[in-house]
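To start, the structure under review is shown below, and the notes come after it.
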Amino acid sequence: MPDLLQIGGITEAMRQRLDPVFDIHQLSDFDPGAITHIITNGHDGVPPELIPRLNNLKVISVYGVGYDAVDASAAAQRDIVVTHTPDVLNLEVATTAVLLMLACYRDLLRDDAYVRSGSWEAEGNAPLTRSADNQKIGILGLGRIGQAIADKLAPWNPEIVYHTRRPKDVPYRYFDDLAKMAAYVDVLICITPGGTGTRHLVSAKVIEALGPSGTLINVSRGSVVDEVALIHALQSGQLGWAGLDVFENEPHVPQALRDLPNVVLLPHAGSATEETRAAMGNLTVDNLLQHVKSGEVLTPVPECRDQ
Ligand code: A2R
């Protein structure tokens, strides 16, 4: 039986499919020379110092589409294939983005608290909110999930625009400059990968360009947004609202952010439904089982294709 190193938790359903095929080892007790496969997740990844110690490692299967916690280029150089779980979570993360945007526009949390606290009865109707219809919405990263977000927003009749490094074959206006797009839109939705290439792409300048009537939604990685600049802008009124599923130092969320009334906060729950997590778990396991069976994997990350 091949030896699988488990980093982070796996579900019971995943374990039941892996158990008949692999000897599963934990980080606390394994023989580095024996490990041929790793199962991990987007948060824990693989500690960089570990990979050079595993001379027989062939596959790193990541539970999640984001794999910035794994050095995929270093793995590819050693002919180790990294896999991830694209596509199966597109709709769920898109739902999360729309949920956060609507919650910001319609002040869902404030109004919920208004009813619970008895203020409705004591003080009368709550203040008015803003309509989410007919907004200019900028998508930063129009890939698989970004496109699903654009599709899900259609009933709100938005004008969709986008910024990526290279323009796509899509019917939306392209901005080659993110700050210019931020100045143009009402809402900026971030859905790029994380990692060094996108770190603090949403800078103080971009946040300022979005402005006091602007809303920032982040369902990508906390590292994409300069969190200190974001907090400052939300506190000072330079930025209107933020809906955040991801943070720079998860699961730590700065107290300043938690104290703000103009934010909606989620615990990195973009894909976290029973149905979607089951699909992601199946694909994570399928990649490992397929490799044992045929030497191939189903969904390698771009750095590890053509291997
Ligand atoms: O830049 P392009 O043309 O490669 O377009 C990709 C864009 N992107 C960027 N846009 C602006 N500046 C960058 N430095 C930059 N780097 C990448 O992000 C592409 O349109 C999009 C990523 O799309 P996919 O690779 O299809 O990823 P998917 O499945 O939509 O997931 C995105 C991320 C994951 O990596 C997780 O971190 C998160 O969503 O859950």
Side-chain angles (χ1 to χ4, degrees), residues 40-45 60-73 82-100 137-153 160-182 185 188-203 205-206 209 216-226 243-248 250 266-273 276-277 279-280 283-284 287 298-305:
T40 185
N41 57 68
H43 180 77
D44 294 311
I60 299 170
S61 183
V62 180
Y63 173 78
V65 66
Y67 56 94
D68 43 297
V70 177
D71 188 342
S73 302
V82 180
T83 68
H84 64 154
T85 63
D87 289 316
V88 293
L89 42 54
N90 293 353
L91 294 177
E92 211 65 70
V93 179
T95 295
T96 304
V98 175
L99 178 73
L100 285 170
I137 301 180
I139 301 185
L140 168 56
L142 194 76
R144 291 170 292 243
I145 302 173
Q147 183 61 60
I149 293 171
D151 294 343
K152 279 217 177 187
L153 283 168
I160 300 278
V161 302
Y162 72 104
H163 170 73
T164 50
R165 288 166 302 180
R166 286 169 296 274
K168 316 284 167 201
D169 185 18
V170 289
Y172 316 122
R173 176 172 168 193
Y174 175 69
F175 280 81
D176 63 4
D177 184 305
L178 176 57
K180 284 197 180 127
M181 181 171 87
V185 297
L188 177 64
I189 301 181
C190 307
I191 187 60
T192 60
T196 49
T198 55
R199 191 179 140 73
H200 289 191
L201 214 53
V202 179
S203 59
K205 183 181 163 201
V206 170
L216 177 73
I217 304 298
N218 191 5
V219 285
S220 59
R221 286 287 188 259
S223 58
V224 177
V225 175
D226 181 340
L244 307 172
D245 184 39
V246 288
F247 305 89
E248 286 210 61
E250 294 174 11
L266 290 178
H268 201 147
S271 64
T273 62
T276 295
R277 286 293 168 86
M280 289 164 61
L283 185 50
T284 310
N287 271 306
L298 301 171
T299 48
V301 304
E303 292 89 331
C304 300
R305 287 183 199 145

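Each ligand, and each atom within it, is numbered from 1 in the order the structure gives. For reference, positions follow the sequence shown, starting with 1.
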Ring centroid separation for Tyr162 and Phe175, is it under 6.0 angstrom?
-> no
Have a look at Arg165, Arg166, Lys168 and point out the one with the heavy atom closest to atom 5 (O) of ligand 1.
-> Lys168
Ranked by distance from atom 14 (N) of ligand 1, the top protein heavy atom is Gly197 O, 3.4 Å
So, is Gly143 polar-close to ligand 1, with some N/O to N/O distance under 3.5 Å?
-> yes
Backbone N/O of Gly64 and side chain of Thr85: donor-acceptor pair under 3.5 Å = yes
Once you round to the nearest 0.5 Å, how far does OG1 of Thr96 lie from CD1 of Ile149?
-> 9.0 Å
Atom 33 (C) of ligand 1: nearest protein contact (heavy atom, Å) | Thr192 O, 3.5 Å
Partners of Asn287 by side chain to side chain donor-acceptor pair (under 3.5 Å), sequence neighbours excluded?
-> Thr299
Between Ser61 and Thr83: side-chain donor-acceptor atoms closer than 3.5 Å = yes
Atoms of ligand 1, numbered as shown, that sit under 4.0 Å from any heavy atom of Leu142 = 20 (O)
Protein heavy atom at shortest distance from atom 7 (C) of ligand 1 | Gly141 CA, 3.8 Å
At what distance is the nearest protein heavy atom to atom 31 (O) of ligand 1, and which residue and atom is it?
-> Ile145 CD1, 3.4 Å
The closest protein heavy-atom partner of atom 34 (C) of ligand 1 is Val65 CG1, 3.6 Å
Should one rank Arg144, His84, Gln147, His163 by closest heavy-atom distance to atom 26 (O) of ligand 1, which comes out on top?
-> Arg144
What is the closest protein heavy atom to atom 32 (C) of ligand 1, and at what distance does it sit?
-> Ile191 O, 3.6 Å
With distance as the sole test, does Asn218 use its side chain to make a donor-acceptor pair with the main-chain N or O of Arg221 at under 3.5 Å?
-> yes
Please work out whether any backbone atom (N, CA, C, O) or any side-chain heavy atom from C-beta onward of Thr164 is under 4.0 Å from ligand 1, and answer side chain, backbone, both or neither.
-> both
With backbone taken as N, CA, C and O and side chain as the heavy atoms from C-beta onward, which portion of Leu178 lies under 4.0 Å from ligand 1: side chain, backbone, both, or neither?
-> neither
NZ/Lys168: more than 12 non-hydrogen atoms of other groups inside 6.0 Å | yes
Side chain to side chain, Leu283 and Asp87, heavy atoms closer than 4.5 Å = no
Candidates Ser223, Pro193, Pro86; heavy atom nearest atom 35 (O) of ligand 1 found on Pro193
Say whether Val93 and ligand 1 are in contact under the criterion: heavy-atom distance to a ligand atom below 4.0 Å.
-> no
Tell me, please, which residues at least two apart from Tyr172 pass ring pair (Phe, Tyr, Trp, His ring centres under 6.0 Å).
-> none
Which atoms of ligand 1 sit under 4.0 Å from any heavy atom of Thr198?
-> 13 (C), 14 (N), 15 (C), 16 (N)
Would you say the side chain of Val82 lies within less than 4.5 Å of the side chain of Glu303, judging by non-hydrogen atoms?
-> no
